[in-house]
Every structure is written in C-alpha cells, then in structure tokens.
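Here's the structure we're looking at; comments come further down.
For the single chain, residues carry numbers from 1 onward in sequence order.
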Amino acid sequence: MRLGLVLSEAANGLRRNASMVVSVVLVTFISLTFVGAAILMQMQIGQMKNFWYDRAQVGIYMCTAISPGETCTAGEASADQIDAVKAQLVSPTLAPFIDKYYFETHDQAFENFKKQFAGNPVADYVTPDQLNQTFWVNLKDPSQSDVLVESLSGIPGVENVADQRKYLDQIFSVLNVASYTAIGIAALMLVAAALLIATTIRLSAFSRRRELGIMRLVGASNRFIQTPFILEGVFAALLGSLLAGGAIVGIVNWFVQGYLGERLKGFSLVGMPDALVVVPILLVVGAVLAAFSANFAITRYLKV
C-alpha cells in the first residue's frame with residue numbers, strides 16, 4: 001500500500017467536506033469535554049473521600065435539659081454521666097480504636113455555633129444550654145465507627161452517637177449524581193459524534209463514487225479504498241479530542257487550581273497531573289470512536 005497516495009486521498013476528502021469535518025470536530029470536542037469533566041469529577045470525589053473520611057469524627061452528644069429520648073429522662077447529663085462516658089473512651093475495650101478525643105462544653109459549642117451561623121437570625125434565639133455538650137472522637141480507622149456507636153448508644157446521659165461520615169455520604173451522593181449526569185450527556189454526544197462521522201464518510205464516499213468505481217476496476221483492495229476514509233474520520237476526531245484535552249487542562253489550571261484553589265484552601269483538589277492523565281484517555285476514545293464509525297460507514301457503503 002502506497003502511504004503517500006493514501007494520505008493524499010485522505011487530505012482531498014477533508015478538503016472537499018470541510019464543513020462536515022468542522023461539525024465532527026465541534027461535536028467531538030463538546031462530547032469529549034463532558035467525558036473529561038466526568039472523569040475529573042470522579043477523581044475529585046475520590047480525593048475528597050480520602051481527605052475527609054480520614055478526618056471524620058464520631059460525635060457523642062450528651063443530653064441537654066430539653067433532649068427527648070429514654071436516655072435523657074433525667075434532663076441534662078450530669079457530671080457523673082459525662083465521667084462515665086470518658087471512662088468508656090479510655091477503657092481497654094475502646095481505647096485501641098481511638099486516636100484522640102476532646103470534650104466540647106456548652107460555651108464552646110455556642111461559640112462554634114455563632115461562627116458557623118454568623119449573620120443568620122437563628123443565632124439570636126439559641127442559648128448555650130440548648131446546645132449539646134459533646135465528645136468529639138477521632139478514630140484510628142474511621143471505618144470502625146460502628147464499634148463506638150454500639151458501645152455508647154443507650155448509655156444514660158448520651159442523647160445520640162453520630163458518625164460524621166454519614167453526612168459526607170449524602171454530599172458525595174449528590175456529587176456522584178452530577179458526575180453520572182455528565183457521563184449520560186457525554187454518552188449521547190458521543191453517539192451523535194459517531195453518527196455524524198459515519199454520515200460524513202458516506203457523503204465523502206458518494207462524492208468520489210466514480211473514483212472508487214475506477215479503483216475497483218483496476219483491482220484495488222477494499223483495505224486500500226477504505227483506509228483514506230478511516231483516516232479522515234480519525235483526523236477530525238483527533239482534532240476534536242485535542243481541543244477537548246486543551247479545555248480540560250484549561251479548566252483545571254484556571255478554574256479548579258486558580259479560582260477554586262484560592263477560595264477553598266485546605267481542600268484537596270484535582271491538579272495538572274490528573275488533567276494530564278485524562279488527556280490521553282480522550283485522545284484514545286476519540287480515535288477509537290472515529291475509526292469504528294468510519295470503518296462501519298465505508299464498509300456498508302462499499303457493500304451497497
């Protein structure tokens with residue numbers, strides 16, 4: 001097979017169908033940008049899970065004077081009940097699971113509440129005695145929080161034992177839905193790109209039907225005839241993939257690391273190494289999609 005002739009035929013096809021090629025490039029660019037964004041979002045969710053799950057605490061909320069529940073029938077937790085919980089935390093049963101803990105009084109809880117809800121009218125109606133005194137516990141292995149929950153739930157003076165990871169799971173569920181939505185949109189766009197590539201190749205083959213007939217008469221193989229058309233689709237898709245890769249790098253560099261990085265300090269955000277992992281994936285997806293669609297289209301055309 002003469003490589004120069006094949007490349008020349010592919011270039012002629014691209015030139016003749018310039019408007020359709022531009023359409024393929026744009027559709028591929030948009031669809032693969034969604035794919036890249038979905039991959040980055042999954043990476044971000046993974047990083048956030050690793051970051052926050054390791055810092056998630058178990059809160060042991062002591063009873064207040066207004067707490068409901070069977071363990072709070074005597075009203076606010078007494079000093080003896082608080083000491084009993086502390087004794088449990090340092091006991092041989094629970095101590096091996098605990099990294100560290102600290103006790104938050106009514107006044108400390110009230111100060112934290114005012115900082116968290118600064119400017120919110122609700123802060124004007126809350127008093128220190130309404131907020132739980134709490135033991136905040138950091139576990140050596142946050143996944144073993146059930147041991148603490150089972151051991152301390154139901155003890156007199158303890159209103160509730162809560163694992164913060166449950167609240168994180170709700171946030172990550174929302175992020176996962178957003179990620180899956182991006183994947184769904186990307187899948188639809190990839191289908192549109194595949195159909196557009198196939199249509200472009202069929203139109204290109206139709207415009208050169210006389211040339212293809214002559215090539216068949218002189219004994220050109222199907223592989224020789226098909227290769228220029230496949231290269232046309234692959235070139236257009238690769239161009240769109242490169243644009244999508246550039247968009248992903250730009251999003252990470254200027255939006256994630258630049259804009260969000262300055263405002264969410266202390267958060268673990270995806271960076272350029274993650275973006276550079278995504279770019280080759282987009283190139284491969286674009287090339288495979290184009291090669292498959294173009295090969296399918298030209299094969300069916302030649303059989304007609």
Side-chain angles (χ1 to χ4, degrees), residues 44-179 264 266-268:
Q44 181 63 63
I45 292 171
Q47 289 190 16
M48 289 178 69
K49 281 184 176 179
N50 292 334
F51 182 84
W52 288 109
Y53 275 5
D54 289 341
R55 291 161 176 77
Q57 296 174 307
V58 175
I60 306 169
Y61 298 94
M62 306 304 297
C63 296
T64 66
I66 59 174
S67 295
E70 297 179 359
T71 58
C72 299
T73 53
E76 182 165 349
S78 65
D80 290 340
Q81 290 173 333
I82 293 174
D83 290 339
V85 172
K86 184 176 180 180
Q88 284 267 44
L89 295 176
V90 297
S91 68
T93 303
L94 296 181
F97 299 95
I98 297 173
D99 181 28
K100 59 183 179 180
Y101 73 90
Y102 64 91
F103 183 68
E104 184 180 64
T105 64
H106 286 305
D107 292 333
Q108 291 170 333
F110 185 62
E111 289 299 319
N112 292 332
F113 182 86
K114 288 194 298 184
K115 290 178 182 178
Q116 184 176 0
F117 292 92
N120 193 318
V122 71
D124 299 331
Y125 302 99
V126 175
T127 58
D129 60 290
Q130 294 176 317
L131 300 175
N132 301 82
Q133 298 186 98
T134 308
F135 284 96
W136 292 107
V137 183
N138 291 81
L139 298 175
K140 293 178 180 178
D141 183 359
S143 65
Q144 296 179 327
S145 60
D146 288 343
V147 175
L148 210 63
V149 174
E150 292 174 3
S151 299
L152 296 173
S153 295
I155 292 180
V158 175
E159 179 182 352
N160 183 34
V161 182
D163 184 0
Q164 288 185 330
R165 293 199 308 165
K166 293 181 180 179
Y167 305 113
L168 294 175
D169 286 338
Q170 296 175 7
I171 297 173
F172 292 137
S173 296
V174 173
L175 293 176
N176 274 321
V177 169
S179 178
L264 299 176
F267 281 76
S268 177

Q: Give, for atom CE of Met62 and atom CG of Leu131, the distance between the pair rounded to the nearest 0.5 Å.
A: 15.0 Å
Q.
Assess the residue pair Ile60 and Leu89 against the criterion (side chain to side chain contact (heavy atoms under 4.5 Å, CB included)); give the C-alpha distance rounded to whole Å, side-chain angles, the decisive distance to 0.1 Å, and a yes or no.
A. CA-CA 11 Å; Ile60 306 169; Leu89 295 176; 3.9 Å; yes
Q) Should we count NZ of Lys115 as having more than 12 external heavy atoms under 6.0 Å? A) no
Q: Give the minimum heavy-atom separation between Ser91 and Pro96, together with the two atoms involved.
A: O-CD, 4.2 Å
Q: Please confirm whether the backbone N or O of Gln57 pairs with a side-chain atom of Gln164, one donor and one acceptor, at under 3.5 Å?
A: yes
Q) If you measure from CD1 on Ile66 to CD on Gln130, what distance do you get to the nearest 0.5 Å? A) 5.0 Å
Q: Taking atom types as modelled, find out whether Asp129 and Thr127 have a side-chain donor-acceptor pair closer than 3.5 angstrom.
A: yes
Q | Parallel, tilted or perpendicular: ring planes of Tyr101 versus Phe135, cut at 30 and 60 degrees | A | tilted
Q) Between Ser145 and Leu139, which heavy-atom pair has the shortest distance, and what is it? A) CA-CD1, 3.4 Å
Q: Take Leu148 and Ile98, measure what side chain to side chain contact (heavy atoms under 4.5 Å, CB included) needs, and give me the verdict at the end.
A: CA-CA 9 Å; Leu148 210 63; Ile98 297 173; 4.3 Å; yes
Q | From Asn138 atom CG to Trp136 atom CH2, the distance as rounded to the nearest 0.5 Å | A | 10.5 Å
Q.
Using the side-chain contact (heavy atoms from CB on, under 4.5 Å) definition, which of the options Glu111, Glu104, His106 pairs with Gln108?
A. Glu104
Q) Could you state the interatomic distance from CG (Asn160) to OG (Ser67), rounded to the nearest 0.5 Å? A) 10.0 Å
Q: To the nearest 0.5 angstrom, please state how far the CD1 atom of Ile82 sits from the OG1 atom of Thr134.
A: 10.0 Å
Q) Going from CD on Gln81 to CD on Glu76, what distance comes out if it is rounded to the nearest 0.5 angstrom? A) 10.0 Å
